[in-house]
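The structure under discussion appears below in the form of structure tokens.
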Amino acid sequence: MAVLWTCGILLACCSGSALGSPKNCEEVHKVFMAFGPNQFPLGPTTGKDLQVCISKNSTCCTKKMEEKYQVLARRDIQDLLQTSSSGLKLLISRYVAAFQETFEVLIRQAENHTNALFQESYPNMADQAVGAVRELFTDVGLFLLGSELSVDELVQRFFDALFPLVYKHLINSSLGDVSAGYAECVRSLSRDVRPFGAAPGLLADQITSSGVSGKLLLQALHLSIEVINTTDHLQLSRECRRALLKMQFCPHCQGLTQSKPCRGYCLNVMRGCLASMAEIDTHWREFVSSLEGLSARMHGTLDLEQVLLGVHTLLRDAVGHALRNGASLSKQVQKLCGSPSRRPAESVSVHHGSRRALLPLQAPVKATGEAFTSKRRDFLRTLKPYSTFYGGLADQLCDRHLSSGEGRLCWNGTSMVQSYTVRVVGSGVRAQSTNPEVKVKGIDPVINQIIDKLRHINKLLQGKSIPKLGSLDQIETGSGDAEGRYSGECDDEDGCAGSGGGESRTKLSKVYKMVPDVISDYKHHNHHPPFAKDPEIGGRSSSLRLIGAIWVPVLPCLHMLLIW
């Protein structure tokens with residue numbers, strides 16, 4: 001039930017007259033007082049100055065009351081929209097946080113495995129390799145979490161730093177200490193002599209392929225939050241606001257403070273008001289399906305978890321390739337860099353060092369579970385029921401909150417009747433051409449922008465469009481954010497003058513970007529949040545809905561008493 005309507009019902013002692021002119025306005029005044037100190041007529045009046053709640057009979061409303069009711073009706077619906085989407089928004093926000101946390105954990109594990117590889121198999125160079133390893137995985141983490149870095153360059157930079165260490169400690173360990181200049185000369189030869197064979201290119205390809213899939217998943221979820229924010233704050237048209245007033249509060253003017261609209265009447269009004277929102281339905285369904293398709297393709301070289309936890313194995317093979325070609329590499333280095341001044345090495349001989357390097361690696365223990373894969377499956381299974389969210393939103397609001405039950409007297413826009421006999425139109429903009437309650441001019445421009453973004457992300461998710469450098473960056477937030485522009489018409493009665501200014505567009509590819517408020521609060525109270533299977537998520541969602549159901553009718557009442 002709409003928030004302010006509920007407040008009115010809670011505060012009304014009994015209904016007004018069932019039909020005809022109200023005998024007195026006492027009950028109407030009790031309800032209206034819930035919205036703050038207001039002026040109203042002492043008894044029924046002609047209501048000649050009313051614009052929407054027009055009646056042949058006398059009325060308890062004035063023009064000022066009508067204006068106040070219109071604002072309240074709009075706020076009621078926007079509160080309901082936000083309440084209806086809160087479960088979906090929380091679900092997505094939780095999993096955005098979970099996926100980003102999983103990325104960070106995988107990066108740390110991959111770095112630890114790599115350092116363990118060097119400690120076990122190449123201890124003479126392990127300490128000096130720590131810095132290069134840290135830089136590699138820091139850059140990979142930045143790439144995964146949104147930064148548009150060149151993976152080829154960051155991987156090659158790591159192998160460039162690794163070559164002088166491998167050359168000094170494994171290939172030519174009798175060199176002892178060499179000057180910084182000589183080490184830099186060896187480093188500069190890495191891309192020409194290719195000491196690690198195809199390993200740099202292979203690693204870059206694997207990180208790029210799996211990383212783009214992971215980034216795309218995150219950015220698609222950020223876009224879905226933008227879609228919800230936009231529809232939560234959709235500015236209702238003038239025609240819609242007048243229709244909502246007529247449906248929800250015009251009965252009060254006739255003393256019918258406990259009336260509810262007929263279901264068919266409610267559907268016509270809400271399908272008209274949310275016609276543009278219903279146009280999202282097809283693209284939102286495709287979005288959910290496309291996420292499932294992307295997740296199904298994330299295996300093998302597209303499995304981020306497998307790629308990251310396999311980096312140390314690829315590096316072992318890369319070092320082995322360099323050692324097998326040690327003699328040839330030594331000749332090339334000596335030819336181009338000369339023979340450095342050196343003192344006897346303190347380490348073991350070349351022969352012994354090479355044998356140690358080629359011993360089978362006892363790989364560090366790695367996680368056997370599939371954390372990222374498991375979280376994706378849990379998320380998509382829980383998201384699936386929401387695939388029809390936008391198509392049935394108007395019906396859901398009427399059936400769960402606004403309209404009367406079957407077989408009861410209901411409000412049809414002019415009087416209380418047994419049933420609504422006017423034709424009920426379908427959903428979507430085209431169907432509204434015959435809507436008897438709301439005139440719809442066309443699709444909302446901001447909804448059009450959201451649909452365009454959904455089309456674009458769907459093509460990327462389906463692999464029909466290859467994301468290029470910066471292309472994901474172009475999917476921006478702003479249309480529905482609290483600080484961004486809202487859609488629809490606006491006038492003084494809404495108090496929204498100047499709402500189109502100060503547009504704030506935030507890039508979705510900000511490093512470690514978190515959905516504001518919801519995620520920060522969630523992570524603050526849950527340092528290690530459990531991401532459960534369906535029953536737990538459903539149970540917690542039910543608890544949240546129950547808490548919301550208790551507080552939704554109470555808080556706005558307190559708020560209204562304070563401000564009016």
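Quick note: numbers below take in every heavy atom, side chains included, and nothing from hydrogens, waters or symmetry partners.
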Quiz item: Between the side chain of S387 and the main-chain N/O of K384, is any donor-acceptor distance below 3.5 Å?
Solution: yes

Quiz prompt | Side chains of D76 and F249 in contact at under 4.5 Å (non-hydrogen atoms) | solution = yes

Exercise. For the pair E286 and R455, find out whether any cationic side-chain nitrogen is under 4.0 Å from an anionic carboxylate oxygen.
Key: no

Quiz item: Knowing that exactly one of I228, T231, L393 qualifies, which makes a side-chain contact (heavy atoms from CB on, under 4.5 Å) with L81?
Solution: L393

Quiz prompt | Distance-minimising heavy-atom pair for D378 and R381 | solution = OD1-NH2, 2.7 Å

Exercise. Please tell me if the side chains of K441 and E239 come closer than 4.5 Å, counting only heavy atoms from C-beta onward.
Key: no

Self-check item: Criterion side-chain hydrogen bond (donor to acceptor under 3.5 Å, both in side chains) on N412 and T414, from CA distance to verdict
Solution: CA-CA 6 Å; N412 69 353; T414 57; 3.1 Å; yes

Quiz item: What class does the angle between the rings of F379 and Y95 fall in, given that below 30° is parallel, 30 to 60° is tilted and above 60° is perpendicular?
Solution: tilted

Self-check item: Heavy-atom closest pair, residues L460 and L216
Solution: O-CD2, 3.4 Å

Exercise. Using only heavy-atom distances, determine whether the side chains of R74 and Q70 contain a donor-acceptor pair under 3.5 Å.
Key: no

Exercise. Could you tell me whether the side chain of E437 and the main chain of G272 form a donor-acceptor pair under 3.5 Å?
Key: no

Quiz prompt | Step-by-step side-chain contact (heavy atoms from CB on, under 4.5 Å) determination, R263 to D399 | solution = CA-CA 7 Å; R263 184 177 185 273; D399 292 340; 2.7 Å; yes

Self-check item: 4.5 Å side-chain heavy-atom contact, Q432 and V425
Solution: yes

Exercise. Please answer whether the main-chain N or O of K246 pairs with a side-chain N or O of W411 as donor and acceptor at a distance below 3.5 Å.
Key: yes

Quiz item: Is the shortest heavy-atom distance from the side chain of T59 to the side chain of Q254 under 4.5 Å?
Solution: no

Quiz item: Side chain of T62, backbone of M65: donor and acceptor closer than 3.5 Å?
Solution: yes

Self-check item: C398/C266 sulfur gamma separation below 2.5 Å
Solution: yes

Quiz item: Do you know the tightest heavy-atom contact between S210 and D303?
Solution: CB-C, 4.0 Å

Quiz prompt | Any donor-acceptor pair under 3.5 Å from R241 side chain to L236 backbone | solution = yes

Practice problem: Using atom types as modelled and distance alone, determine if a side-chain donor or acceptor of S289 lies under 3.5 Å from a backbone N or O of R285. | Solution: no

Exercise. Calculate, to the nearest 0.5 Å, the distance between atoms CD and CG belonging to Q462 and N458 respectively.
Key: 5.5 Å

Practice problem: Output yes when a side-chain donor or acceptor of T208 lies under 3.5 Å from a complementary backbone atom of D205, and no otherwise. | Solution: no

Quiz item: Rounded to the nearest 0.5 Å, how far does CG of L304 lie from OG1 of T102?
Solution: 9.5 Å

Quiz prompt | S237 side chain vs C240 backbone, donor-acceptor pair below 3.5 Å | solution = yes

Quiz prompt | Heavy-atom pair with the smallest gap, counting every atom of Q51 and I54 | solution = O-CD1, 3.6 Å

Quiz item: About how many Å separate CG of L80 and CG of D232, when rounded to the nearest 0.5 Å?
Solution: 11.5 Å

Quiz item: Are side-chain N/O atoms of Q306 and Q206 paired as donor and acceptor at under 3.5 Å?
Solution: no

Quiz prompt | Side chains of S259 and M416 in contact at under 4.5 Å (non-hydrogen atoms) | solution = yes

Exercise. Assess the side chains of R423 and T434: does a donor N or O sit below 3.5 Å from an acceptor N or O?
Key: yes

Exercise. Evaluate the side-chain contact (heavy atoms from CB on, under 4.5 Å) criterion for residues L402 and M247: first the C-alpha distance (whole Å), next the side-chain angles of each, then the deciding distance (0.1 Å), finally the verdict.
Key: CA-CA 10 Å; L402 297 172; M247 180 179 77; 4.2 Å; yes

Quiz prompt | P436 versus Y420, closest heavy-atom pair with distance | solution = CG-OH, 3.9 Å

Exercise. Could you walk me through whether L144 and Q100 pass side-chain contact (heavy atoms from CB on, under 4.5 Å), step by step?
Key: CA-CA 9 Å; L144 292 178; Q100 291 185 153; over 6 Å; no

Quiz item: Yes or no on side-chain contact (heavy atoms from CB on, under 4.5 Å) for M298 and T373, after CA distance, side-chain angles and deciding distance?
Solution: CA-CA 8 Å; M298 293 174 73; T373 302; over 6 Å; no

Quiz item: Should the SG of C262 and the SG of C410 be checked, would they turn out to be under 2.5 Å apart?
Solution: yes

Quiz item: Without hydrogens or angle criteria, can the side chains of R376 and S295 be said to hold a donor-acceptor pair below 3.5 Å?
Solution: yes

Self-check item: K215 charged N/C atom sitting above F143 aromatic ring, 6.0 Å / 45°
Solution: yes

Quiz item: If you measure from CG on L245 to CG on L72, what distance do you get to the nearest 0.5 Å?
Solution: 9.5 Å

Quiz prompt | pair check: C253 + C53, SG-SG < 2.5 Å | solution = no

Quiz prompt | Heavy-atom side-chain contact between Y265 and S403 under 4.5 Å | solution = no

Quiz item: Is the backbone of D444 close enough, under 3.5 Å, to the side chain of S276 for a donor and an acceptor to pair up by distance?
Solution: yes

Quiz item: Taking C-beta and beyond as the side chain, do L244 and C273 meet within less than 4.5 Å on heavy atoms?
Solution: yes

Self-check item: Spacing of OG belonging to S433 relative to NZ belonging to K439, to within rounding of 0.5 Å
Solution: 13.0 Å

Quiz item: Taking E279 for the side chain and G428 for the main chain, is one N or O donor matched with an acceptor at less than 3.5 Å?
Solution: no

Self-check item: Minimal non-hydrogen separation, L454 against I457, with atom names
Solution: O-CG2, 3.3 Å

Quiz item: More than 12 foreign heavy atoms under 6.0 Å from CZ of R297: is that the case here?
Solution: yes

Self-check item: side-chain contact (heavy atoms from CB on, under 4.5 Å) partners for S224, two or more places apart
Solution: I92, L221, W284, F287

Quiz item: Distance from T230 atom OG1 to Q449 atom CD, nearest 0.5 Å?
Solution: 8.5 Å

Self-check item: L397 vs L274 side-chain heavy atoms within contact, under 4.5 Å
Solution: yes

